[in-house]
Each structure stands twice: as structure tokens, then as C-alpha cells.
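Following: one structure in C-alpha cells, then a few remarks.
Just so it is clear, the values below take in all heavy atoms, side chains as well, and ignore hydrogens, waters and symmetry mates. These numbers were taken from a predicted model, which means no experiment stands behind them.
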Amino acid sequence: MFGYLRPLIPELRVKDKELYQAYYCGLCHALGRYGLSGRASLTYDATFAALLLTAVCEKNAPELAPHSCALHPMRGKTPAVKGTEVMDFCAALCVLLAKYKLIDDGRDGHPMRKCLLPFIAGAARKAEKLYPDMAKVLELGLADLSEVERERVADADIAPVLFGELLSSLLLTYPAIPDAAKPMLKALSKAVGGFIYTIDAWDDRKDDQKRGCYNMFNCIALSRGEGASAQSENEDASAQTEAGSELLTEAELHDMAEAMLDMYVNSAALAYDLLDAKFCKPLLDNIIYQGLGASAEAVLLKKEGDK
């Protein structure tokens with residue numbers, strides 16, 4: 001469920017591309033306190049959170065310092081954002097989300113991924129101790145989301161909204177957010193959370209169908225098919241087939257996903273327009289106004305087998 005919040009690189013200026021890389025590398029260094037398993041949890045989505053919280057909460061632009069990367073030794077030393085409270089917060093967020101992602105993958109028919117849990121357990125305990133409020137919010141929010149998935153709710157408005165509320169609650173546990181920025185940050189993160197859940201559900205619908213895992217689009221299709229069948233139970237077989245084909249098509253589901261993603265992108269842009277971004281504005285502009293749409297288009301146009 002990660003990796004959709006990224007900039008549209010061809011539209012970035014060279015200096016903004018380098019700044020994004022500096023945030024990405026800086027977050028990786030912040031994850032170093034959790035060991036190699038912590039660094040393996042690095043995501044583009046957490047980098048976006050680091051950019052956003054820095055832009056809203058920091059009083060001074062973060063400093064850059066040259067760092068060498070063990071994974072890319074041929075690069076030499078490259079600039080990375082120095083450690084800040086925001087970077088430490090987002091590093092803990094990476095680790096805790098990675099833990100629950102592995103648990104969720106285990107439930108969704110990926111037993112080998114669940115086997116990786118012991119490798120990140122120590123890092124997760126450390127993050128929970130450093131940020132207990134974040135850990136509590138994540139535990140309660142994912143419990144509510146798991147209940148919806150367990151009941152296989154066939155409603156496109158419930159699970160994405162719950163995930164959006166969870167994401168906004170997580171970001172708002174950061175203590176240094178100015179009061180004036182909290183309503184806009186909450187609205188923005190709710191829209192972004194809804195976007196992430198929806199785009200991931202559409203991206204994974206075929207795999208989830210094969211494994212019998214919950215996917216809101218598959219549940220919606222199934223519930224509509226059952227409704228058509230009940231409506232047609234007194235009609236002949238050809239009429240039932242015709243009714244089913246009219247009520248349930250891949251194109252309809254595609255249009256639903258596209259409309260939902262458009263709604264979340266527009267909601268995110270409206271909330272972002274009201275935020276006072278002190279730093280990283282060109283990067284955030286690119287992600288909100290171009291990157292989200294590019295991610296949605298790439299997933300919506302993806303053909304089966306391209307995953």
C-alpha cells in the first residue's frame with residue numbers, strides 16, 4: 001500500500017530533484033537508528049510526510065550535509081537532510097507502518113512476508129517506545145479497518161475514509177504542528193489517505209481476487225452481481241445473463257475507481273492550497289498537482305500482467 005506519493009520527476013527542476021533525493025536519503029539515515037530492517041522500511045510516502053511536516057512546522061530550512069551510502073558506494077558522498085525532529089518522527093512512522101504491512105500481507109495470502117516480522121520486531125518496539133501516541137493511534141485505526149475488511153463491506157466510501165482518518169490522526173500526533181495549520185493538514189492527509197487506499201485497491205484487485213482476499217472493488221462487483229441475480233430470479237436464463245452484463249462490467253468498475261481518485265486528488269489540492277508551506281513548496285506543488293494524477297493514470301492504464 002505504499003509508493004504512490006511521489007513527484008513527477010520529468011517536471012522537476014534539477015535543484016528540486018536533488019532536494020527530493022536529499023530528503024529521501026536523510027530519512028534513510030534517520031532510519032539507521034533502527035538498523036538494516038528499519039532502513040528497508042523506507043518509502044516515498046514517508047518522504048512526502050517529511051516534506052509536508054517540514055514545510056508546515058519547521059522555522060528554518062533544514063540543513064544539508066554530505067553522506068555516503070552503503071547501498072550505493074559508487075555515488076560517493078551526496079547531500080542529505082540532517083536529522084531533525086520531523087525526520088525522526090517520519091522514520092518511526094516508516095517502521096511502524098512496515099510492521100503492520102507485513103501483518104496485513106500475511107493475512108492476505110503472503111505467508112513469506114509474515115516470516116519477515118521477527119526481523120523488524122525490535123525496530124518496531126523501539127519506535128513504539130519513542131512514539132507511544134503514534135503506536136496507539138495506528139493500532140486502533142488498523143483494528144477498525146481490519147473489522148471492515150473482515151466483514152467484506154461492499155461500500156467504496158468506508159474503507160478509504162477510515163484509512164484517510166487513520167493517516168491524518170497519525171500525522172497530527174506530531175507535537176509541533178501549529179494550531180492554525182491543523183485543519184488544513186487534517187483535510188489534506190485524509191484526502192491523501194483515501195487516495196492511497198483506493199489506488200492500491202484498484203492496483204491489487206486481480207491478485208486479491210485470486211487469493212480470496214478483501215478488496216472493496218471485488219466486493220462491490222460481487223454484491224451488484226448478487227443483486228442482479230436476485231432481481232432476475234423469475235426471468236429466463238438469457239434475460240439473467242443480459243441483466244448481469246448490463247449491471248456488472250470492468251468498465252463500470254474502472255469508471256468508479258477513476259471518479260474516486262479524481263475526487264481525492266481534487267480534495268487534496270483544495271486543502272493544500274490553504275496550507276502555508278514555508279519550505280519545499282516546488283516539490284510539494286509537483287507531488288500534489290502532478291504526481292498524484294500521474295500515479296493514478298499509470299495504475300488506471302495498467303494492463304493485466306504489467307504489475
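Contact check for F163 versus L145: side-chain heavy atoms found under the 4.5 Å cut-off. With contacts defined as side-chain heavy-atom distances shorter than 4.5 Å, the pair P160/M216 qualifies. Residues D273 and Y289 meet the side-chain proximity criterion, which asks for heavy atoms closer than 4.5 Å. The shortest side-chain heavy-atom distance between S41 and L31 falls under the 4.5 Å cut-off. Proximity of H254 to L300: side-chain heavy atoms (C-beta onward) are separated by under 4.5 Å at one or more points. You'll find the side chain of K82 stays beyond 4.5 Å of the side chain of M87, heavy atoms only. A heavy-atom distance below 4.5 Å is not found between the side chains of C25 and V81. Residues S295 and I199 form a side-chain contact, since some pair of their non-hydrogen atoms from C-beta on lies under 4.5 Å apart.
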Before you tell me yes or no, could you show the steps for L185 and L53 under side chain to side chain contact (heavy atoms under 4.5 Å, CB included), namely the whole-Å CA-CA distance, both residues' side-chain angles and the distance that decides it to 0.1 Å? CA-CA 9 Å; L185 191 61; L53 289 175; 4.1 Å; yes
Given salt bridge (Lys or Arg N to Asp or Glu O under 4.0 Å), test K186 with E165 step by step and report yes or no. CA-CA 8 Å; K186 182 177 181 179; E165 290 174 349; over 6 Å; no
One pair to check against side chain to side chain contact (heavy atoms under 4.5 Å, CB included): L188 and L52. What are the steps and the verdict? CA-CA 10 Å; L188 171 58; L52 185 61; 3.8 Å; yes
What's the verdict on side chain to side chain contact (heavy atoms under 4.5 Å, CB included) for Y272 and D285, showing C-alpha distance, side-chain angles and the deciding distance? CA-CA 9 Å; Y272 173 71; D285 284 355; 2.5 Å; yes
Take M260 and F217, measure what side chain to side chain contact (heavy atoms under 4.5 Å, CB included) needs, and give me the verdict at the end. CA-CA 12 Å; M260 290 175 65; F217 290 110; 4.3 Å; yes
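A124 approaches L96 most closely through the heavy-atom pair O-CD2, 3.7 Å. Closest approach of L284 and A55 over heavy atoms only: CD1-CB, 3.6 Å. Taking all atoms of both residues into account, the shortest heavy-atom contact from A80 to H29 is CB-CD2, 4.1 Å. For the pair G3 and D45, the tightest heavy-atom approach, listed with the atom from each and the gap, is N-OD2, 2.7 Å. Heavy-atom minimum distance, L261 versus A296: CD1-CB, 4.0 Å.
Shown are L27, L170, T173, T43; of these, the side chain to side chain contact (heavy atoms under 4.5 Å, CB included) with L93 is made only by L170. Results of the side chain to side chain contact (heavy atoms under 4.5 Å, CB included) test with V148 over V161, L162, D155 single out L162 as the only residue that passes.
Note that CD of E18 is 14.5 Å distant from OH of Y23, once rounded to the nearest 0.5 Å. Y24 contributes atom OH, which lies 6.5 Å from atom OG1 of T47 (distance to the nearest 0.5 angstrom). Atoms NZ and CG, on K15 and L283 in that order, are 10.5 Å from each other to the nearest 0.5 Å. Annotation: the span from L97 atom CG to L166 atom CG amounts to 7.5 Å, rounded to 0.5 Å. N215 CG to D200 CG: the interatomic distance, rounded to the nearest 0.5 Å, is 8.5 Å. Atom SG of C94 sits about 12.5 Å away from atom CZ of R39, to the nearest 0.5 Å.
The main-chain N or O of C213 is never found under 3.5 Å from a side-chain atom of D208 such that the two would form a donor-acceptor pair. Of the possible donor and acceptor atoms, none in the side chain of R152 sits under 3.5 Å from a partner among the backbone N and O of E149. A donor-acceptor pair is defined here as one N or O able to donate and one able to accept, closer than 3.5 Å; no such pair exists between the side chain of N286 and the backbone of P7. With hydrogens and angles ignored, the 3.5 Å screen pairs a side-chain donor or acceptor of R205 with a backbone N or O of W202.
Hydrophobic clustering (ILVMFWY, side-chain heavy atoms < 4.5 Å, transitive): L167 and L140 are in distinct clusters. Both I9 and L42 belong to a common hydrophobic cluster when Ile, Leu, Val, Met, Phe, Trp and Tyr are linked at side-chain heavy-atom distances under 4.5 angstrom. By the criterion of side-chain heavy atoms lying less than 4.5 angstrom apart, applied directly or through intervening Ile, Leu, Val, Met, Phe, Trp or Tyr residues, V153 is grouped together with Y197 in one hydrophobic cluster. Under the 4.5 Å side-chain heavy-atom criterion for grouping Ile, Leu, Val, Met, Phe, Trp and Tyr, V56 is not connected to F279 through any hydrophobic cluster. Using a 4.5 Å cut-off between side-chain heavy atoms of Ile, Leu, Val, Met, Phe, Trp and Tyr, with links allowed through other members, I287 and L8 fall into different hydrophobic clusters.
Salt-bridge check for D179 with K182: passed, with a basic side-chain N closer than 4.0 Å to an acidic carboxylate O. Taking 4.0 Å as the cut-off between side-chain N and carboxylate O, D133 and K136 do not count as a salt-bridged pair. Between R150 and E147 there is a salt bridge, since a side-chain N of the basic residue sits under 4.0 Å from a carboxylate O of the acidic one.
Evaluation of the side chain to side chain contact (heavy atoms under 4.5 Å, CB included) rule for A123 yields Y34, S37, V95, I120 as partners, not counting sequence neighbours. In this structure, the ring pair (Phe, Tyr, Trp, His ring centres under 6.0 Å) partners of Y174, at least two apart in sequence or on a different chain, are F89. Partners of L274 by side chain to side chain contact (heavy atoms under 4.5 Å, CB included), not counting sequence neighbours, listed by chain and number: M184. Taking the side chain to side chain contact (heavy atoms under 4.5 Å, CB included) definition, one finds that D88 meets it with A30, R33, Y131, sequence neighbours left out. The salt bridge (Lys or Arg N to Asp or Glu O under 4.0 Å) test applied to E128 returns K99, not counting sequence neighbours. Applying the side chain to side chain contact (heavy atoms under 4.5 Å, CB included) criterion to E297, with sequence neighbours excluded, gives L301.
Taking the six-membered ring for Trp, Y4 and Y44 have ring centres at least 6.0 Å apart.
Few gaps surround CG on L270; more than 12 heavy atoms of other groups in view lie less than 6.0 Å from it.
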